[in-house]
Amino acid sequence: MRPRKAKSRRAGPAVTTVMVMRLYIADNAPNSLKAIANLEAICKEYLQHGFELEIIDVLEFPRRALADGVLVTPSLAKVSPSPAVKIVGDLSDRRNVLQVLGIRE
């Protein structure tokens, strides 16, 4: 009897979770610009390519903001993965933003 050869299993593509976020801003307001810069820095350092970010100007799309329940800007909504969460402000408190988004330092 000949020994059987073990079949090699090829690893499938790596499954990566993409964080989907929406940042609601008010045009070029100082706090909105700070929020964009702070979030971009966090995404670059912690999420790299594992995120999708939609920036919504509530002055341009007020009905969208109201439909999404946004009353204050800047506001960040993490849509997925669950649980969905929201955080308000210029996102300068990095530790708090990371905690809300579920990102470990």
Side-chain angles (χ1 to χ4, degrees):
M1 253 188 176
R2 286 201 256 154
R4 292 185 182 176
K5 291 184 181 179
K7 291 183 180 179
S8 64
R9 293 187 184 190
R10 289 185 181 177
V15 177
T16 55
T17 302
V18 174
M19 186 175 294
V20 179
M21 298 173 285
R22 293 185 189 125
L23 180 61
Y24 299 87
I25 61 165
D27 197 31
N28 290 323
N31 282 341
S32 294
L33 297 176
K34 283 182 188 176
I36 292 169
N38 289 330
L39 185 58
E40 285 178 345
I42 289 170
C43 290
K44 184 178 180 180
E45 183 174 344
Y46 293 95
L47 299 175
Q48 296 167 351
H49 301 292
F51 71 95
E52 290 179 18
L53 176 62
E54 181 180 9
I55 299 176
I56 302 161
D57 184 344
V58 300
L59 298 178
E60 190 174 341
F61 302 102
R63 291 180 193 235
R64 167 84 187 268
L66 287 174
D68 291 346
V70 175
L71 302 174
V72 178
T73 60
S75 290
L76 175 65
K78 180 183 91 166
V79 179
S80 72
S82 293
V85 293
K86 289 184 181 178
I87 185 170
V88 175
D90 66 9
L91 309 178
S92 59
D93 184 350
R94 182 176 278 218
R95 176 177 276 159
N96 188 40
V97 174
L98 293 174
Q99 183 179 9
V100 169
L101 295 177
I103 299 172
R104 293 186 181 156
E105 288 188 73

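Everything numeric in this text was worked out from a predicted model, so none of it was measured. Position 1 is the first residue of the sequence, and the numbers go up from there. These numbers come from the heavy atoms of this one structure, side chains and all, not from hydrogens, waters or symmetry mates.
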> Quick one: pull up CG in N96 and CG in L101 and give me the separation to the nearest 0.5 Å.
9.5 Å
> With the side chain counted from C-beta on, respond yes when N38 and R94 share a heavy-atom pair under 4.5 Å apart, and no when they do not.
no
> Which atom names give the shortest non-hydrogen contact between K86 and A77, and what distance separates them?
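Closest heavy-atom pair between K86 and A77: CG-CB, 4.0 Å.
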> Write down the atom of P83, the atom of K78, and the distance for their closest heavy-atom approach.
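What the structure gives for the nearest pair is O-CE, 3.2 Å.
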> When rounded to the nearest 0.5 angstrom, what is the spacing between CD1 in I25 and CG in D57?
5.0 Å
> Tell me whether L23 is reachable from L71 by hopping between hydrophobic residues (I, L, V, M, F, W, Y) whose side-chain heavy atoms are closer than 4.5 Å.
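L71 and L23: separate clusters.
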> If you look at every heavy atom in F51 and Q48, which pair is closest and at what distance?
CE2-O, 2.8 Å
> Kindly work out whether a path of hydrophobic side-chain contacts (I/L/V/M/F/W/Y, heavy atoms less than 4.5 Å apart) joins Y46 to V100.
yes
> Could you give the distance from CG (L76) to OH (Y24), rounded to the nearest 0.5 Å?
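Going from CG on L76 over to OH on Y24, the span is 9.5 Å.
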> Please report the closest heavy-atom contact between V18 and P81, naming both atoms and the distance.
O-CD, 4.0 Å
> Count the heavy atoms of every other residue, nucleotide or ligand shown that sit under 6.0 Å from CD of Q99, and state whether that count exceeds 12.
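Counting other residues, nucleotides and ligands, CD of Q99 stays at 12 neighbours or fewer.
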> State the CG-CG distance between L98 and L91, to the nearest 0.5 angstrom.
10.5 Å
> Is there side-chain contact between D93 and R95, with heavy atoms separated by less than 4.5 Å?
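In contact.
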> Report yes or no: do V97 and V85 belong to one cluster of Ile/Leu/Val/Met/Phe/Trp/Tyr joined by side chain heavy-atom distances under 4.5 Å?
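Same cluster: V97 reaches V85 through Ile, Leu, Val, Met, Phe, Trp or Tyr contacts under 4.5 Å.
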> How far does CZ of R22 sit from CG of L53, to the nearest 0.5 angstrom?
11.0 Å
> Does any N or O in the side chain of S32 come within less than 3.5 Å of the main-chain N or O of A26, such that one atom is a donor and the other an acceptor?
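Yes: the side chain of S32 pairs with the backbone of A26.
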> Which residues satisfy the side chain to side chain contact (heavy atoms under 4.5 Å, CB included) test with L33, sequence neighbours excluded?
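With sequence neighbours excluded, L33 shows a side chain to side chain contact (heavy atoms under 4.5 Å, CB included) to N28, given in chain and number order.
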> In Å, rounded to the nearest 0.5 Å, how long is the span from CE of M21 to CD1 of I87?
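Spacing of CE (M21) from CD1 (I87) equals 12.0 Å.
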> Search all heavy atoms of A84 against all heavy atoms of V79 and return the closest pair with its distance.
CB-O, 4.1 Å
